[in-house]
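The structure appears below as structure tokens.
In what follows, residues are counted from 1 in the order of the sequence shown.
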Amino acid sequence: MGSHRRTAPSSGSERSTALALGLLSAAATALGAVPATAAPQEDTRAEVDRLYREAEKATEAYNAADERADALRRDIADAQDGIARKQQRVNTMREALGSLAGSQYRSGGLDPTLSLLLSEDPEDYLRKASVLDRLGVHQTAELRKLRGTLRSLSQDRAEASERLGALDRSRKAAATHKRTVERKLAEARRLLGSLPAGERAAWDRASRSGRTDLPGPAGAPASGRAAAAVAAARSALGRPYVWGANGPSGFDCSGLTQWAYAQAGVALPRTSQAQRHAGRQVPLSEARPGDLVLYRSDASHVAMYMGNGQVIHAPYPGAPVRYDPVGMMPVSSVTRV
């Protein structure tokens, strides 16, 4: 009996401990249930955002390399034209010098002293000889100068070709990176598609509004060319985002703004980083329709301000040109063209 009385409290204590542990375990399970389901969804959204940022950076790098390559090709073509023209001048001079040498040979190649003694008009001979001598010196000097120039231009052309090769390699590297990002985007889209419809809608609302039906610009554009660019950007609403494209059937972010301003007769640089410096920077609070809004510290995305706190831009692959809030991403600067 004594033994039984001693064990009874112990059994109650063990049961209480077991019950408490069970309740703690249940509570921990309940608390852990939310992160267990939410964390993968949050990770998917974060991964999609990260991949979109990488995609834009890769596109802008590709555009920059392509623009540099095109400019260098034009420089090389101009250099080759100049070389060809100067080579023709050299050939003409060589022919003239050859004709003079042939004439001297046919005349017997007489010693100048004998030619002078045999000449019927020594003064006329001396006059002609002086002219020929000066002409020969001039032609020799000119030929020497042109040959030096030709060597210099040939060297420049070789160096330019080397630079072009480096740019082509850089562009291929950018294209390879783009393909890698596209594969990642495909995976991100697959993961995003696995989320419940409500989660997908919440992600889209949190990232960008996606509206294409807003009213016209609020406030006056800063200039006539800005007004024309605004009209062009509005005409592009609904067209698809296309890698490396600058219209008119598809655009990337800087391709849209470049094309819109081209319709206004203004030539913008190809990349968003260069477009940041294509005009005068103004505070966001003073933005007017037609101003360029640059995003992120590296200016890897650009949009056109429309007023009413809205911009038009080409967002990312799979999304059309559309309106979004100006504060959809961190704004780094605003440029008035």
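A 4.5 Å side-chain heavy-atom check between R234 and Y323 finds at least one atom pair inside the cut-off. Counting heavy atoms from C-beta outward, C253 and H313 have side chains that stay 4.5 Å or more apart. Side-chain contact between L268 and Q275: present, with at least one pair of heavy atoms (C-beta onward) separated by less than 4.5 Å. The shortest side-chain heavy-atom distance between R280 and V282 falls under the 4.5 Å cut-off. Counting only heavy atoms from C-beta outward, the side chains of E60 and S272 approach each other to under 4.5 Å. Looking at heavy atoms from C-beta onward, T257 lies out of side-chain contact with V337 at the 4.5 angstrom threshold. Residues R276 and S332 meet the side-chain proximity criterion, which asks for heavy atoms closer than 4.5 Å.
Of the N and O atoms on the side chains of N63 and D252, at least one donor lies less than 3.5 Å from an acceptor on the other residue. When only modelled atom types and interatomic distance are considered, S223 and R336 share no side-chain donor-acceptor pair under 3.5 Å. With hydrogens and angles left out, the side-chain atoms of Q273 and S300 include no donor and acceptor closer than 3.5 Å.
Using the six-membered ring where Trp is involved, H301 and Y295 have ring planes that are tilted, between 30° and 60° apart.
The residues R296 and E56 are annotated as salt-bridged, a charged nitrogen and a carboxylate oxygen being separated by less than 4.0 angstrom. The existence of a salt bridge linking R270 and D66 is excluded, since no basic side-chain nitrogen approaches an acidic carboxylate oxygen closer than 4.0 Å.
Rounded to the nearest 0.5 angstrom, I312 CD1 and M304 CE are separated by 8.0 Å. Residue S254 holds its OG atom at 14.5 Å from CH2 of W259, rounded to the nearest 0.5 Å. A distance of 11.5 Å separates CG in L284 from CG in L294, rounded to the nearest 0.5 Å. The CG atom of N246 sits 10.0 Å away from atom CD of E67, with the distance rounded to the nearest 0.5 Å. Annotation: the span from R53 atom CZ to D298 atom CG amounts to 10.0 Å, rounded to 0.5 Å.
Listed here is the closest heavy atom pair of Q310 and Y305: O-CD1, 3.4 Å. Counting all heavy atoms, side chain and backbone alike, A274 lies closest to P269 at CB-CB, 3.4 Å. Scanning all heavy atoms of the two residues, the minimum distance from P320 to P315 falls at O-CD, 3.1 Å. The shortest heavy-atom contact between A222 and A226 is N-CB, 4.2 Å. Residues A236 and F251 come closest through the heavy atom pair CB-CE1, 3.8 Å. When all heavy atoms of P248 and R239 are compared, the pair lying nearest together is O-NH1, 2.7 Å.
Residues V242 and V321 do not share a hydrophobic cluster, clusters being chains of Ile/Leu/Val/Met/Phe/Trp/Tyr side chains in contact below 4.5 Å.
Among the candidates V293, T335, L292, the single residue satisfying the side chain to side chain contact (heavy atoms under 4.5 Å, CB included) test with V302 is L292.
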### Message
Would M328 and V311 count as a side chain to side chain contact (heavy atoms under 4.5 Å, CB included) here? Give the steps.
### Response
CA-CA 9 Å; M328 62 184 173; V311 295; 4.1 Å; yes
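Atom CZ of R225 has 12 or fewer heavy atoms from other residues, nucleotides or ligands within 6.0 Å.
Side-chain N or O atoms of Y62 include none that pairs as donor or acceptor with a backbone N or O of K57 at under 3.5 Å.
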